[in-house]
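For reference, the structure discussed in these notes is given below.
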Amino acid sequence: KKMSAIKQMFDIALDARYGYIETNYAEAFLIKETKSKKNEPPKRLPLSNENQEKLFNSKLYTTQLQSTLQHKPEQYWIPIIALYTGMRQNEICQLYVEDVKSEVISTGERVYYFELNEEKDKHLKNDNAHRVVPLHPKLIELGFIEYFNSIKNKQERLWNNLRLHPTEKRYNTDYNRVFMKYFRTHISKDPTQVFHSFRHTVGDQLLKNAVKHKLPKDLMNRIMGHEPDKDETSRTYSKGYGVEELYIGVCTLKFTINIL
């Protein structure tokens with residue numbers, strides 16, 4: 001405060017009407033105010049390998065596995081889908097049975113994928129979020145198609161336990177509350193580790209894999225629903241990737257965890 005008062009005095013002396021001095025020497029002694037970060041939320045980081053191991057070896061995936069699959073399948077599947085697709089939490093929670101589709105690619109393999117759209121009561125973050133996301137082979141190996149086939153003629157939505165929140169108009173509100181309570185109790189209290197950390201994990205690995213496997217960066221951006229690079233070629237071709245190309249990108253995801 002004292003330096004500010006001195007600066008004001010020098011400002012007067014510097015005024016062109018008086019011309020007492022040519023430089024305000026008090027400027028060099030003022031401490032610039034920086035915006036307080038006290039109230040900013042902690043930065044969300046990729047889910048650590050340790051926390052991946054802890055989550056997928058916790059009771060939800062071991063001793064309570066059969067009960068979870070029978071009564072609360074969303075608690076089993078949603079984190080796994082997030083890890084092997086990078087999809088946002090609400091994108092997974094709001095899926096309908098009709099959003100699970102498949103096509104046969106050039107190798108003769110049938111590839112299943114999620115079609116993300118805003119039909120019915122679904123909501124996406126932006127235009128880039130409208131996309132198809134192929135299912136990683138690990139999801140098939142773990143039995144997702146068996147789950148899908150068991151419910152597709154019985155219910156409209158993929159996760160019947162999840163309800164549209166009356167005010168937020170999102171399907172993930174209650175799910176996130178349950179997930180984070182479990183996560184903070186059994187996995188980690190680190191504020192940088194949240195459900196969205198799955199997305200950071202996948203995004204980071206896909207970009208590294210683009211270099212490693214010599215795949216276009218925009219292919220990986222398309223899987224994530226990110227904005228394509230600024231150049232015209234990227235903007236033109238990134239939305240033209242088909243299921244087969246996107247499947248190649250998704251298949252580069254590798255994790256060392258053992259999920260039952």
Nearest 0.5 Å please: distance from the CG atom of N51 over to the CD atom of Q193. 5.0 Å

Those residues that, when tested against H200, pass ring pair (Phe, Tyr, Trp, His ring centres under 6.0 Å) (two or more places apart): H196

Applying side chain to side chain donor-acceptor pair (under 3.5 Å), can you list everything that pairs with T107, at least two apart in sequence or on another chain? none

Pairs touching residues 53-72 that satisfy ring-ring contact (aromatic ring centres under 6.0 Å, His included), sequence neighbours left out: F56-Y61, Y61-Y76

If you draw the axis of the six-membered ring of Y171, does the NZ or CZ of R157 fall within 45° of it and under 6.0 Å from the ring centre? yes

Kindly write out the residues that satisfy side-chain contact (heavy atoms from CB on, under 4.5 Å) with A210, not counting sequence neighbours, or none if the list is empty. M220

Sequence neighbours left out, what pairs pass salt bridge (Lys or Arg N to Asp or Glu O under 4.0 Å) with at least one residue falling in residues 180-189? none

Which donor-acceptor pairs under 3.5 Å do the side chains of residues 142-151 make with protein atoms, sequence neighbours left out?
residue : atom : partner : partner atom : Å
Y147    : OH   : L158    : O            : 2.7
N149    : OD1  : K152    : NZ           : 3.3
N149    : ND2  : I145    : O            : 3.3
S150    : OG   : Y147    : O            : 2.6

Without hydrogens or angle criteria, can the side chains of Q75 and T68 be said to hold a donor-acceptor pair below 3.5 Å? no

Residues at least two apart in sequence or cross-chain that pass side chain to side chain donor-acceptor pair (under 3.5 Å) with Q89, listed by chain then number, are N172, N176

Less than 4.5 Å apart, side chain to side chain, heavy atoms only: is that true for L206 and T252? yes

With the side chain counted from C-beta on, respond yes when I92 and W159 share a heavy-atom pair under 4.5 Å apart, and no when they do not. yes

Please, which pairs that meet ring-ring contact (aromatic ring centres under 6.0 Å, His included) have at least one residue in residues 78-97, sequence neighbours excluded? Y84-H136, Y84-F255

With sequence neighbours left out, the residues meeting side chain to side chain donor-acceptor pair (under 3.5 Å) with E156 are K120

Would you check if V133 and L246 make a side-chain contact, meaning some heavy-atom pair closer than 4.5 Å? no

Test of understanding: with ring pair (Phe, Tyr, Trp, His ring centres under 6.0 Å), list the residues that count as partners of Y247, not counting sequence neighbours. none

Parallel, tilted or perpendicular, judged at 30° and 60°: which one describes the rings of H186 and Y182? tilted

State, with a plain yes or no, whether a side-chain heavy atom of E245 is found less than 4.5 Å away from one of L219. yes

Partner set under side chain to side chain donor-acceptor pair (under 3.5 Å) for N161, not counting sequence neighbours: E74

Salt bridge (Lys or Arg N to Asp or Glu O under 4.0 Å): pairs with one or both residues in residues 203-216, sequence neighbours excluded: none

Say whether T192 and D190, considering side chains only, have a donor N or O and an acceptor N or O under 3.5 Å apart. yes

